[in-house]
2 protein chains.
Amino acid sequence: MTAEGEELAGWARMLADGTRATVCLALLDGRAWTASELARLAKVSRPTISEHLNQLVSGGLLTEVRQGRHRYVKLAGPDTAELLEGLAALTPRREEVANSLAAVSKRDAFARARTCYDHLAGKLGVALADAMTERGLIDWSDGIALTPEGQAWLEDLGIEVDVRRGRPAIRSCLDVTERRPHLAGAVGAALCRHALRNDWVTHIPGGRALKVSGSVQAFGLPVRVVRELQPGPRET
Amino acid sequence: MTAEGEELAGWARMLADGTRATVCLALLDGRAWTASELARLAKVSRPTISEHLNQLVSGGLLTEVRQGRHRYVKLAGPDTAELLEGLAALTPRREEVANSLAAVSKRDAFARARTCYDHLAGKLGVALADAMTERGLIDWSDGIALTPEGQAWLEDLGIEVDVRRGRPAIRSCLDVTERRPHLAGAVGAALCRHALRNDWVTHIPGGRALKVSGSVQAFGLPVRVVRELQPGPRET
DNA sequence: CCCACAGTTAGGCGAGTGCCGAACGGTCTC
DNA sequence: GAGACCGTTCGGCACTCGCCTAACTGTGGG
């Protein structure tokens, strides 16, 4: 066999296993998944999925983000996704995969709003990050940073950022349910503290979930989002 | 693992072996190769390549044509080739593969013109089929057939087609060196007989190779091709 | 501080598979 | 018909690889 053949085979070998292929197809939704979720989806043990992910990551098909005790993986890039789509087009139906996770975590107070350490997470956290980005308060061009406008906005709201201990002023943190970044760091904590102090959100006893009041709109969130964050009074 | 994953893995598995990948890359030149040639290229034994080809053919990636004691395989279609190109694009350099066979069989009397059973083959045979196709003497729309114009052309040349024994009047036959079809069947045989009888071509002793005279142009071949078929008088 | 939990490492088992040599059938050439 | 040659079938060997259980590390929540 030739060197080129061996190289091509190397790529193919990554997808040549049913479990790894399943993982890649699931990741076609563009989100980041944890190892355990993928293990559950593919119906294999955690050690098994761990090794598969090692292969896919070191092979360059996937990238990973380690966060706390979680290992998030997603497709390396759009070109990778494109290639996979092309291959997957050879086979019929998909769909069901994309729902498996979303179905269980949706419509849940925990998924809507909660604390993550000392900052806001869930739909609320992500929506807040989105809104701030939209209004030019955050600059993502190199990592993540607060813009001068962002600084001014915080001052206007009367939010004081605690800058002790060399903690990064602002950080992005991958949201567990949304799989998109929300805000952490000193700024994230300050926003959360501010919301709690003013009762824009209140802790739901027995967990990290938060009850959201309409006042969070003061953060500049779109009306539609705020409404989604406040389900009927029937729920806890 | 899911059903889709298993399906995708099935396709990938075909390319997940260095030998099979090498075969597929070689076949990217669009030509048909014999099993032995591929075995030599991939540096494996004939039994081994035989099984690999079985897999690739039954998997739908390759198609085969059995002809005499040869088994010709080529890529199933343009879409297959496209997919392979896409995958191969992930890896650098190619080239060397495409030349391995052409290099040795070129510039050879055998490759220029010879008999194949009872009809003409080599560059001459393929060029003849091309020329006849170009002038509307052959219809390829459903298999291969002689057009009314083709019938008339044969009569004009004084060529009698032997239609005994229910032999197909005209057939296409994959050329060993050119890897493109030339003409066989009763018509192919008649053309060859005619050329030999009029000394447009003559047998070179010790093989099937033919020496080509300029008279073959009477078949309506392009001048350029006829010149290529007649190398310097130095050769046998 | 302790428990719960995500993930990893280690070890081992079993299935699949790529490969070859030997023997065989079929086809062409002379 | 003899010999050469292409391809296949068969048996067997060695190795890879996917998987699990058990045990361990590290992180986070209360």
Side-chain angles (χ1 to χ4, degrees), chain A residues 1 5-6 9-10 13-23 32-40 42-58 64-73 110 114-119 121 173-174 176 184 203-209, chain B residues 1 5-6 9-10 12-23 32-40 42-58 64-73 110 114-119 121 173 176 203 205-209:
Chain A
M1 71 194 96
E6 199 52 58
R13 210 168 288 132
M14 285 200 276
L15 298 174
D17 172 75
T19 300
R20 284 194 298 273
T22 298
V23 166
W33 292 57
T34 66
S36 290
E37 286 164 355
L38 291 170
R40 218 172 309 132
K43 296 189 177 47
V44 294
S45 68
R46 285 196 290 278
T48 299
I49 209 70
S50 179
E51 258 185 65
H52 282 308
L53 295 182
N54 284 343
Q55 279 186 56
L56 291 169
V57 168
S58 74
E64 67 180 19
V65 178
R66 305 266 178 161
Q67 198 162 284
R69 56 185 175 182
H70 293 283
R71 177 191 196 176
Y72 292 98
V73 292
F110 183 82
R114 66 178 176 278
T115 52
C116 173
Y117 305 86
D118 54 2
H119 52 267
C173 175
L174 195 54
V176 185
H203 266 292
I204 297 175
R208 292 153 53 199
Chain B
M1 72 194 95
E6 200 51 59
R13 209 169 288 133
M14 285 200 275
L15 298 174
D17 172 75
T19 300
R20 284 195 297 273
T22 298
V23 165
W33 292 56
T34 67
S36 289
E37 286 164 355
L38 291 170
R40 219 172 305 132
K43 296 191 177 46
V44 294
S45 69
R46 284 195 289 279
T48 300
I49 209 71
S50 180
E51 258 184 65
H52 281 309
L53 296 182
N54 284 344
Q55 279 187 55
L56 291 169
V57 168
S58 73
E64 69 180 18
V65 178
R66 305 265 179 163
Q67 198 161 282
R69 56 185 173 182
H70 294 282
R71 177 192 198 176
Y72 292 97
V73 293
F110 183 82
R114 66 178 176 278
T115 53
C116 174
Y117 304 86
D118 55 3
H119 51 267
C173 174
V176 184
H203 267 293
R208 293 152 54 198

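As the structure is a computational prediction, the values presented were derived from the model and not from experiment. Chain letters run A, B, ... following the sequence lines, proteins first, then strands; residues in each count from 1. Worth knowing before you read on, the calculation uses all heavy atoms, side chains too, and leaves out hydrogens, waters and symmetry mates.
- Side chain of B/Thr19, nearest nucleotide from D/dC19, C/dC19, C/dT17: C/dC19.
- Straight-line distance from the CD atom of A/Gln67 to the C1' atom of C/dC5: 16 Å, rounded to whole Å.
- Atom CD1 of A/Ile49 and atom C1' of D/dG18 are 11 Å apart (whole Å).
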Tabulate atom names and distances for all N/O pairs under 3.5 angstrom spanning the protein and nucleotides 3-7 of chain D.
| unit_1 | atom_1 | unit_2 | atom_2 | d |
| --- | --- | --- | --- | --- |
| D/dC5 | O2 | B/Arg69 | NH1 | 3.0 |
| D/dC6 | O3' | B/Arg69 | O | 3.2 |
| D/dG7 | OP1 | B/Ala35 | N | 3.3 |
| D/dG7 | OP1 | B/Arg71 | N | 3.0 |
| D/dG7 | OP2 | B/Ser36 | N | 2.7 |
| D/dG7 | OP2 | B/Ser36 | OG | 2.4 |

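- Atoms CZ (A/Arg13) and P (C/dT17) sit 13 Å apart, rounded to a whole Å.
- B/Arg13 meets the side chain to side chain donor-acceptor pair (under 3.5 Å) test with B/Glu6; sequence neighbours excluded.
- Across all their heavy atoms, B/Ala35 and B/Ile49 have their closest contact at O-CG2, 3.5 Å.
- When all heavy atoms are compared, the tightest approach of A/Gly5 to B/Ala21 is O-CB, 3.2 Å.
- For B/Ser45, the side chain to side chain donor-acceptor pair (under 3.5 Å) test picks out B/Thr48, with sequence neighbours left out.
- Relative to the axis of its first five pairs, the axis of the last five pairs of the helix from C/dC1-D/dG30 to C/dC30-D/dG1 sits at 30°, rounded to 10 degrees.
- B/Ala12 meets the side-chain contact (heavy atoms from CB on, under 4.5 Å) test with A/Leu15, A/Ala16; sequence neighbours excluded.
- When every heavy atom of B/Ala42 is checked against every heavy atom of B/Thr19, the shortest pair comes out as CB-CG2, 3.8 Å.
- Here the straight-line distance linking atom OG1 of A/Thr34 with atom CZ of A/Arg69 works out to 11.5 Å at 0.5 Å rounding.
- Between A/Arg114 atom CZ and A/His119 atom NE2 the span is 9.0 Å, to the nearest 0.5 Å.
- Between B/Arg40 and B/Ser36, some side-chain heavy-atom pair lies under the 4.5 Å cut-off.
- Residue A/Ser45 places at least one side-chain N or O closer than 4.0 Å to OP1 or OP2 of D/dC20.
- Phosphate contact (OP1/OP2 of C/dC19, side-chain N/O of B/Thr48, threshold under 4.0 Å): absent.
- In this structure, B/Arg71 and B/Leu53 have side chains that are in contact, with non-hydrogen atoms separated by less than 4.5 Å.
- Counting only heavy atoms from C-beta outward, the side chains of B/Val73 and B/Leu56 never approach each other to under 4.5 Å.
- Side chain of A/Thr22 to main chain of A/Gly18: a donor-acceptor pair is present (N/O by atom type, distance under 3.5 Å, no hydrogens or angles).
- Taking the nucleotide of DNA chain D with the nearest heavy atom to each of A/Pro47 and A/Arg20, the more 5' of the two is matched to A/Arg20.
- Qualifying side-chain contact (heavy atoms from CB on, under 4.5 Å) partners for A/Gln55, counting only residues two or more places apart in sequence or in other chains: A/Arg20, A/His52.
- Following rounding to the nearest Å, A/Asp17 (CG) and D/dC20 (P) show an atom-to-atom distance of 11 Å.
- C/dC30 atom C1' lies 18 Å from atom CZ of B/Arg114, rounded to whole Å.
- Less than 4.0 Å separates DNA chain C from at least one heavy atom of each of the following residues of residues 51-58 of chain B: B/His52, B/Gln55.
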Restricting both atoms to N or O, compile the protein contacts to nucleotides 14-16 of chain C shorter than 3.5 Å, with distance only.
none

